[in-house]
Amino acid sequence: MMVGTLVDAAIGCLVESILGYFFIGKLEAWIHGVGLADDVEELKAAVRLVQMVVAAAKGRKIENEPLARSVDAMKELLYDADDVMDELDYYRLKLQVERDNSIAGTPDAANNTEVKSTWLSSSIRQLGSSIISSVGTISSIGSSRGKRKREDDHHIAASSHLEILENKSEFSSRIKHIVRKLRQLGIDVSNVMGIDGSNSAGTSNLGRYHDNPTTSYLVEPKHLIDPRDLHSSIANIGKMTALQELYKFKVQAQNDSGFDIRQLKFLSQLVKLGIYQLENVQSKQEASEARLIDKVNLEDVCLSWDTSSTSSGPSTETAIDVLEGLRPHPSLKHLQIIGYNGSSYPSWLATDISITSLQSLHLEKCKKLGVLPQLLKLPLLRKLELKDMPNIVEVTIPCLEELELIELPKLEKCVAISNSKLNCGLQSLIIEECPELNDFALLTSENFCSFEVIQDSGMSQLESYSAEDLSAEAEKKKWLPVLDVLRIHGCPRLKLIRALPPSSNTRLSIEGLSAYPAIEIRFGNLSVKSSNDLKVLDEKILAFQNLKDVTSVEIEHCPNLEFLSFEGFRQLNNVRKMTVSKCGNLVSFVPNAVSETWRATTCPAFPHLKHLKIESSGNRTLLKELKVEDSPDLQSLRLHSCTALERLRICECRQVAVLEGLQYLNSLRSLSIDMNPELSRSWVRKYQEVEQGSGHVCLLPPSLERLNIDNLQEELMPYLLARLPCLSNLQVYSSPNLTSLQLGSLAALKKLSIGDCDSLASIQSCLSELEECEFWGQDLTSLQPGSLTALKHLTLDCCTGLASLERQFLGDLIDLEIEDCSCSIPALLEFLSRQADSFSIFPRMERLSVDDLSALATSLCRHLASLRCLELSSLEGVACFTDEQEKALQLLTSLQELEFDTCMELADLPAKLYSLDSQKVRNHILSTHLKAT
């Protein structure tokens with residue numbers, strides 16, 4: 001904006017474009033549903049303020065550079081505001097398309113939905129560009145920058161209702177920033193330009209009534225914008241005859257000039273009006289002087305008596321007369337009555353209902369009213385709110401979109417005129433503090449459509465149909481398919497018989513119901529809390545099929561909860577965070593007395609889980625087995641309170657960087673874990689930090705007896721295996737970078753398994769107590785001489801360096817398995833052939849299993865005087881024994897069992913085998929189909 005130019009008329013047009021969003025009724029309702037109503041209302045007020053400033057400054061010149069910059073900044077903020085509203089309307093339309101697609105039931109409905117969705121999709125695509133086009137044309141008059149909106153604003157990535165809920169805080173922050181800046185700039189510009197409410201260039205300004213609220217110089221404005229609501233104290237407000245909104249007019253006594261109800265008489269342009277302190281109006285005649293009946297534009301009225309006053313207030317008769325005198329025009333759409341002391345309704349809402357255009361009715365603190373007006377005579381009514389009505393016992397409701405029943409202590413029954421229509425149309429249901437409510441067919445009856453209120457000769461009556469009489473169409477209807485909000489608090493006698501939520505789009509809050517925990521579903525978060533009665537959380541409580549958009553699960557303060565439905569929770573494929581706390585009796589996902597396994601993630605369950613936390617306080621969780629598998633996105637796992645845990649398996653979770661609480665699991669006996677570099681580094685840092693502080697830390701609990709670890713990192717190895725006095729079984733697999741294994745502190749180690757550790761060059765320890773070894777894909781030169789003195793079982797699979805056995809004393813070995821080691825067998829036989837006949841390498845060996853017949857040589861068999869069982873497998877291409885092999889078999893004088901596995905080509909056995917002194921061997925051979933040579 002250049003100094004000397006006129007105030008940009010484009011700003012005014014841009015303001016009108018933004019304000020146009022607020023006349024989209026569905027957008028306004030949707031914004032309220034996602035929790036942004038307060039923020040957007042503030043934005044609306046700030047834009048109204050700018051509208052007043054621009055209208056007052058129309059045709060004025062910019063006199064200085066700072067003012068020009070302020071006007072430009074104000075315009076940029078308006079573009080930002082337009083961006084926000086455009087994006088919100090985009091999300092609303094997209095959600096409507098998705099919802100229409102999801103609830104289409106019949107083929108015709110599907111076709112209609114497809115046509116409608118196509119139209120809406122086209123509207124979505126054209127929405128932003130059409131607004132930009134109009135605004136861009138206007139803004140080009142006064143802005144060298146041209147249109148502010150970016151093209152990518154109109155190609156917003158496809159997102160679900162979940163995404164707008166997740167981004168709520170971001171939208172809220174953006175709106176608050178815009179509002180704060182717009183208000184300040186609006187006041188600054190008005191002060192500099194000397195703008196007053198009468199659109200003259202005088203010395204007064206928009207903020208003057210802040211300093212002196214009783215001034216009455218504002219005559220022409222249509223809107224009063226004041227965040228502090230000081231306009232309620234402006235005297236003689238009746239002079240502002242063009243006013244369209246007056247949210248709070250406080251009636252004062254007759255002798256207080258400027259605040260009597262007659263001030264409203266000539267405000268014929270009012271659209272919204274709130275009249276407060278009606279206890280100061282004394283008669284029907286005085287009330288009628290407000291002339292609400294004449295205000296044809298009036299759509300929204302609030303009539304309020306002050307119930308907090310220490311005085312007794314008006315009499316019942318006076319209150320009835322005053323309300324009668326406040327008869328509104330028939331075009332009224334929204335009515336609130338608060339603090340009314342009368343015992344009956346005015347004629348215009350009872351016997352002679354005139355406000356037939358009414359869309360919403362709010363009754364609050366009307367303590368003497370015991371029944372509702374005849375709502376059937378309000379054909380357009382879509383919203384009913386009843387709050388703090390102590391004498392209401394039963395309500396009969398028509399087809400509504402929104403229903404609120406709050407603080408109705410005597411309410412027992414809620415009857416719908418048509419349950420089927422109410423079910424299909426209800427979008428928001430809020431019931432709070434209704435302790436006696438026990439009958440609401442829509443919630444408490446399985447066949448809710450079988451109960452309808454029908455009209456007969458002008459009278460309502462309840463007629464019951466059997467299930468057989470219901471049409472197939474009614475039977476197939478979904479339960480509350482378009483419900484956005486369901487909130488039920490403090491209704492202990494209300495027994496829901498259906499799982500919650502009724503649909504995937506429902507924001508849910510349940511608390512204080514019989515046999516139900518506190519459940520909240522909001523912004524993609526599922527919370528289940530505070531229930532002493534809950535023992536099983538399954539499909540009877542939660543409709544898991546409607547929770548697929550949930551990203552966070554929190555279950556806490558359920559001390560008697562024992563089981564979570566694995567089949568149910570595995571449907572929550574978008575869960576990224578799960579917390580279970582203060583559930584001391586939890587033992588399983590599946591209610592099975594034998595199995596005590598909680599499978600937190602078994603594919604395809606929780607494929608995107610990033611954080612899993614299990615904690616308790618006071619009572620420790622009884623969880624005994626936990627498996628966390630195939631969770632590629634899991635980043636953190638906290639298990640501090642799982643003190644009863646005995647078995648833990650963490651596999652295929654390569655993003656885990658935080659794993660805390662293991663050292664506190666003093667009941668843990670078995671751990672299988674797939675390490676990753678980030679987790680290894682974090683554990684090393686933790687250990688080193690504690691050591692530097694002269695402390696001691698154990699990464700694993702001392703109770704651990706079995707450890708199976710994959711991807712063990714070299715730098716972590718000495719810390720991880722420290723202080724494990726009970727560890728008897730260690731398995732290290734798939735650790736290609738591991739060069740050495742230090743086992744010196746594992747005094748109780750009895751079994752060692754090593755596989756696929758290609759770089760492993762040494763095992764540093766005295767393994768004199770080791771009884772069982774398994775090596776897979778290893779070079780046995782890593783074994784130290786004389787270290788395996790107590791070994792009883794040895795398995796070698798795909799190993800090289802068998803000649804290293806010559807350095808071992810294997811006098812106690814009783815079981816040897818050799819598989820896929822053909823290249824190393826000759827070296828072993830060559831070593832054995834050099835040994836003296838009087839010396840036996842394997843004096844106690846009882847079982848030998850080999851898959852290479854070349855191992856059956858005299859050099860080996862003469863050391864197997866105690867062999868009882870010989871297993872030969874996978875002898876491919878072998879048809880018969882050689883003379884050397886037959887001779888070797890004759891040396892096995894203690895042989896009792898001879899087994900063949902996958903020896904398909906072997907046709908003959910040596911006849912001399914029958915001379916062995918073993919009836920078992922003889923019987924075994926005779927039972928085969930082989931032919932003796």
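Asp851 contributes a side-chain N or O that, together with a main-chain N or O of Asp820, makes up a donor-acceptor pair within less than 3.5 Å. Side-chain N or O atoms of Ser866 include one that pairs as donor or acceptor with a backbone N or O of Pro843 at under 3.5 Å. Within the 3.5 Å criterion, the main-chain N or O of Pro501 finds a donor-acceptor partner in the side chain of Asn546. Using a distance-only test at 3.5 Å, with no hydrogens or angles considered, no donor-acceptor pair links the side chain of Ser703 to the main chain of Arg669. Using a distance-only test at 3.5 Å, with no hydrogens or angles considered, no donor-acceptor pair links the side chain of Arg844 to the main chain of Phe842. For Ser728 (side chain) and Ala748 (main-chain N/O), no donor-acceptor pair under 3.5 Å exists by modelled atom type. Using modelled atom types, no side-chain atom of Asn676 and backbone atom of Ala657 make a donor-acceptor pair closer than 3.5 Å. Counting only distance, with no hydrogens or angles, the side chain of Ser735 and the backbone of Leu738 share no donor-acceptor pair below 3.5 Å. A donor-acceptor contact shorter than 3.5 Å links the side chain of Ser667 to the backbone of Thr643.
Taking both residues in full, the closest heavy atoms of His557 and Cys583 are given as N-SG, 4.3 Å, listed atom of the first, atom of the second, then distance. Scanning all heavy atoms of the two residues, the minimum distance from Thr506 to Ile521 falls at O-CG2, 4.1 Å. Nearest heavy atoms, Asn532 versus Asn560: O-ND2, 2.5 Å. When every heavy atom of Leu760 is checked against every heavy atom of Ile754, the shortest pair comes out as CD2-CG2, 3.7 Å.
The structure places OH of Tyr516 at 8.0 Å from CG of Leu542, a figure rounded to the nearest 0.5 Å. Atom CD1 of Ile814 and atom CE of Met845 lie 10.0 Å apart (nearest 0.5 Å).
Counting heavy atoms from C-beta outward, Gln545 and Gln571 have side chains that approach closer than 4.5 Å. Counting heavy atoms from C-beta outward, Asn708 and Leu730 have side chains that stay 4.5 Å or more apart. Put simply, the side chain of Val550 does not reach to within 4.5 Å of the side chain of Asn574, judged on heavy atoms. Counting heavy atoms from C-beta outward, Ile763 and Leu743 have side chains that approach closer than 4.5 Å. Side-chain contact between Phe563 and Lys535 is absent, with no heavy-atom pair separated by less than 4.5 Å. In this structure the side chain of Leu659 reaches within 4.5 angstrom of the side chain of Ile673, judged on heavy atoms. In this structure, the side chains of Leu662 and Leu704 stay at 4.5 Å or more apart for every pair of heavy atoms. Proximity of Asn525 to Glu554: side-chain heavy atoms (C-beta onward) are nowhere separated by under 4.5 Å.
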Worked verdict on Lys686 versus Glu689 for salt bridge (Lys or Arg N to Asp or Glu O under 4.0 Å): CA-CA 5 Å; Lys686 179 179 180 181; Glu689 288 170 0; over 6 Å; no
Candidate pair Glu714 and Thr739, rule side-chain hydrogen bond (donor to acceptor under 3.5 Å, both in side chains), full reasoning: CA-CA 7 Å; Glu714 186 84 19; Thr739 61; 3.0 Å; yes
side-chain hydrogen bond (donor to acceptor under 3.5 Å, both in side chains) between Ser854 and Asp852, worked out: CA-CA 5 Å; Ser854 66; Asp852 188 343; 2.7 Å; yes
Stepwise side-chain hydrogen bond (donor to acceptor under 3.5 Å, both in side chains) test for Asn711 and Asp674: CA-CA 6 Å; Asn711 297 310; Asp674 189 350; 2.5 Å; yes
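Partners of Ser745 under the side-chain hydrogen bond (donor to acceptor under 3.5 Å, both in side chains) rule, at least two apart in sequence or in another chain, do not exist in this structure. With sequence neighbours excluded, the residues that form a salt bridge (Lys or Arg N to Asp or Glu O under 4.0 Å) with Glu817 are Arg847. Residues forming a salt bridge (Lys or Arg N to Asp or Glu O under 4.0 Å) with Glu660 (at least two apart in sequence, or on another chain): Arg638. Among residues two or more places apart in sequence or in another chain, the side-chain hydrogen bond (donor to acceptor under 3.5 Å, both in side chains) test is passed with Glu774 by Ser753.
Among residue pairs with one or both ends in residues 733-756, none qualify as ring-ring contact (aromatic ring centres under 6.0 Å, His included); sequence neighbours excluded. Listed by first then second residue, pairs satisfying salt bridge (charged side-chain N to carboxylate O under 4.0 Å, His left out) with a partner in residues 752-763 number zero, not counting sequence neighbours.
Between Glu556 and Lys529 there is a salt bridge, since at least one side-chain N of the basic residue sits less than 4.0 Å from a carboxylate O of the acidic one.
Side-chain contact check for Ser670 and Glu646: no donor-acceptor pair (N or O, by modelled atom type) lies under 3.5 Å.
Other residues, nucleotides and ligands contribute over 12 non-hydrogen atoms within 6.0 Å of the CZ atom of Phe544. By the 6.0 Å contact criterion, NZ on Lys750 is enclosed, its count of non-hydrogen atoms from other residues, nucleotides or ligands being greater than 12.
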